[in-house]
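On a predicted model such as this, the values are computed, not experimentally measured, just so you know.
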Amino acid sequence: MGGKDLLQNWSLRYRSFGPPLQHLVLENSSLGPRPYNLLRVAMSLVPVNPSDLIPVTGAYSHRIRLPATAGYEGVGRVIEAPPGNTRLSGRRVLPLRGAGTWQCFVDCDPAFAVTIPDDVSDETAARSYINPLTALRLLERCR
């Protein structure tokens with residue numbers, strides 16, 4: 001993409017810890033070129049869970065480098081892929097371990113992009129990572 005063709009990336013970010021309503025700020029920035037080895041995912045739906053808001057308060061401050069983009073779950077469509085991963089282009093994915101999901105575009109490692117079957121809705125896919133896996137793990141431990 002040329003310089004004047006850069007996409008805008010709206011995001012909910014925080015630069016300090018505290019109550020989410022006071023510390024989350026809507027920011028807009030130009031989206032630079034995709035890092036060579038990462039996927040670029042256009043986010044289509046992201047949920048709001050306690051696990052998204054708690055880090056903003058500083059509860060996990062030892063693991064978070066500020067400024068940070070909020071959000072851990074969500075579903076989007078791959079709009080750019082590195083060589084060797086072009087099979088993911090156009091696919092819906094969960095971009096795990098990328099930057100926060102509360103933004104228009106997320107760059108993530110192809111190894112952590114979980115493809116979503118066509119018969120699974122965005123609503124189901126967007127919230128299928130954190131809470132369901134936590135519940136499954138708890139049930140397995142209770143057996």
Does the side chain of Asp109 reach to within under 4.5 Å of the side chain of Arg97, using non-hydrogen atoms?
no
For [X], enumerate each residue passing the side chain to side chain donor-acceptor pair (under 3.5 Å) test, keeping only those at least two apart in sequence or located in another chain.
X	result
Asn9	Gln103
Asn28	Gln8
Ser29	none
Arg34	Glu80

Pairing residues for [X] by the salt bridge (charged side-chain N to carboxylate O under 4.0 Å, His left out) criterion, not counting sequence neighbours:
X	answer
Arg91	none
Asp122	Arg92
Asp107	Arg40
Arg13	Glu27

With sequence neighbours excluded, residues passing side chain to side chain contact (heavy atoms under 4.5 Å, CB included) with [X]:
X	answer
Pro50	Ile54
Glu140	Leu136, Arg137
Ser61	Phe17
Leu21	none

